[in-house]
Trainee: 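I'd like to ask you about the structure that follows.
Just so you know, residue 1 is the first one in the sequence shown, and it goes up from there.
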Amino acid sequence: MDQQRAIIITGASRGLGFELLDLLVAADARPIALGRRLDPRHEAAAARNACIFVAADLSVLPSLDQIDLAGALPQTADEIVLISNAGVVEPIGTLGVVNAASLATAFAINALAPAILARKLLATADVQRARLRILNISTGAARRPLPGLAAYCASKAAAAMIFDCLAEERPDVAIEHIDPGVLDTDMQSMLRSTDDPALPVRQMFVSFETEGKLQHPRDVARDILTRAGLL
């Protein structure tokens, strides 16, 4: 593993993010996990300095400017990689019934927090003369309207456009959008258990399970990291 590379992962406490972090810890990459909490397995890893935890609530945007990401990065890093994985599917419900606060939270976590983190890392990369690379864990929902998931679809689409604008502004920043497909995660379970009136396309998510289309998050995580040259 290239010891001059710094890898930051958001949303690492469960699902795909947990597996991404776990694989990088196993590969001695000493990744940086950013979020509200860690799984106990990775708390133990952080205690032995196998990974670094930076506490942050991505739904509280003003607080993101206060976190010391630069201090968590090795000063010798010549490449900084942000794996922007954190995301929420809530609020689930047709637009006429979801409330304004839940809409704002979805956009904060799914779109605005990634933009703020990218801005902070861009400044750090410029100071350290390091290359910045962003892997945006996206979704097919960012390209397809799904009734009952307007907040998720729109906020994930917004994140992709923000990163595309950054790529135009700074051609030296490498941006890659990754659609991991449908995974066997808590998010999928939540979608299957939602009432039909709130999620008119619920049966589509039920079919993913009944037809055996759900992928194991660890397999997908390994494929993402291998393709990206991070394992």
Trainee: Is the shortest side-chain heavy-atom distance between Glu79 and Arg133 below 4.5 Å?
Mentor: yes

Trainee: Would you call Arg119 and Asp65 a salt bridge, taking side-chain N to carboxylate O under 4.0 Å as the test?
Mentor: yes

Trainee: So, do Met187 and Tyr152 sit near enough that their side-chain heavy atoms are less than 4.5 Å apart?
Mentor: yes

Trainee: Is there a side-chain contact between Ile137 and Ile224 (heavy atoms, below 4.5 Å)?
Mentor: yes

Trainee: Check each of Ile8, Ile32, Asp68 against Val54 using the side-chain contact (heavy atoms from CB on, under 4.5 Å) test, and report the only one that passes.
Mentor: Ile32

Trainee: Are Leu16 and Phe205 connected, step by step, through hydrophobic side chains (Ile, Leu, Val, Met, Phe, Trp, Tyr) whose heavy atoms are closer than 4.5 Å?
Mentor: no

Trainee: Please walk me through it: do Arg48 and Val25 pass side-chain contact (heavy atoms from CB on, under 4.5 Å)?
Mentor: CA-CA 11 Å; Arg48 66 175 188 272; Val25 167; 4.1 Å; yes

Trainee: Do you know which of Thr139, Leu191, Thr194, Thr94 makes side-chain contact (heavy atoms from CB on, under 4.5 Å) with Leu149?
Mentor: Leu191

Trainee: Considering residues at least two apart in sequence or located in another chain, which fulfil the salt bridge (Lys or Arg N to Asp or Glu O under 4.0 Å) criterion with Glu90?
Mentor: none

Trainee: Assigning hydrophobic clusters by single linkage (Ile, Leu, Val, Met, Phe, Trp, Tyr; side-chain heavy-atom cutoff under 4.5 Å), is Ile92 placed with Leu146?
Mentor: yes

Trainee: Within a strict 4.5 Å, meaning less than it, do heavy atoms of the Ile9 and Leu34 side chains meet?
Mentor: no

Trainee: According to a 4.5 Å side-chain heavy-atom criterion applied to Ile, Leu, Val, Met, Phe, Trp and Tyr, with indirect links allowed, do Ile162 and Leu117 form part of one hydrophobic cluster?
Mentor: no

Trainee: List the steps, then state whether side-chain contact (heavy atoms from CB on, under 4.5 Å) holds for Arg14 with Thr185.
Mentor: CA-CA 8 Å; Arg14 58 182 180 173; Thr185 61; over 6 Å; no

Trainee: For the pair Asp78 and Arg131, find out whether any cationic side-chain nitrogen is under 4.0 Å from an anionic carboxylate oxygen.
Mentor: no

Trainee: Between Thr226 and Asp223, is there a side-chain donor-acceptor contact under 3.5 Å, judged purely by atom types and distance?
Mentor: no

Trainee: Evaluate the criterion side-chain contact (heavy atoms from CB on, under 4.5 Å) for residue pair Thr124 and Val127; output intermediate values, then yes/no.
Mentor: CA-CA 5 Å; Thr124 301; Val127 168; 5.8 Å; no

Trainee: With a 4.5 Å limit on heavy-atom distance, are the side chains of Val60 and Leu64 in contact?
Mentor: no

Trainee: Rounded to the nearest 0.5 Å, how far apart are CZ of Phe107 and OG of Ser59?
Mentor: 15.0 Å

Trainee: With a 3.5 Å distance limit and no angle check, can you tell me whether Asn110 reaches the backbone of Val88 through a side-chain donor-acceptor pair?
Mentor: yes

Trainee: With a 4.5 Å cut-off on side-chain heavy-atom distances among I, L, V, M, F, W and Y, is there a chain of contacts connecting Leu199 to Val98?
Mentor: no

Trainee: If you draw a 6.0 Å radius around CE in Met161, do more than 12 non-hydrogen atoms from other residues or ligands fall strictly inside?
Mentor: no

Trainee: Are His42 and Phe53 an aromatic pair, judged by ring center distance below 6.0 Å?
Mentor: no

Trainee: Does the pair Asp22 and Arg222 meet the rule for a salt bridge (Lys or Arg N to Asp or Glu O under 4.0 Å), with working shown?
Mentor: CA-CA 10 Å; Asp22 203 57; Arg222 183 179 289 105; over 6 Å; no

Trainee: Distance from Leu121 atom CG to Ile134 atom CD1, nearest 0.5 Å?
Mentor: 7.5 Å

Trainee: Please list, chain by chain and in numerical order, all residues satisfying salt bridge (Lys or Arg N to Asp or Glu O under 4.0 Å) with Asp39, sequence neighbours excluded.
Mentor: none

Trainee: Testing the 3.5 Å rule here: is there a donor-acceptor pair between the side chains of Asp184 and His216?
Mentor: no

Trainee: Take Leu122 and Leu166 through the side-chain contact (heavy atoms from CB on, under 4.5 Å) test and state the conclusion after the steps.
Mentor: CA-CA 10 Å; Leu122 185 63; Leu166 174 58; 4.2 Å; yes

Trainee: Quick one: does Asn136's side chain get under 4.5 Å of Glu176's, heavy atoms only?
Mentor: no

Trainee: Is it true that Asp179 and Lys156 make a salt bridge, defined as a side-chain N closer than 4.0 Å to a carboxylate O?
Mentor: no

Trainee: For residues Leu82 and Ile178: do they belong to one hydrophobic cluster (side chain heavy atoms under 4.5 Å, members Ile, Leu, Val, Met, Phe, Trp, Tyr)?
Mentor: no

Trainee: Determine, step by step, whether Ser102 and Asn99 satisfy the side-chain hydrogen bond (donor to acceptor under 3.5 Å, both in side chains) criterion, reporting the C-alpha distance in whole Å, the side-chain angles of both residues, the deciding distance to 0.1 Å, and the verdict.
Mentor: CA-CA 6 Å; Ser102 60; Asn99 63 57; 3.0 Å; yes

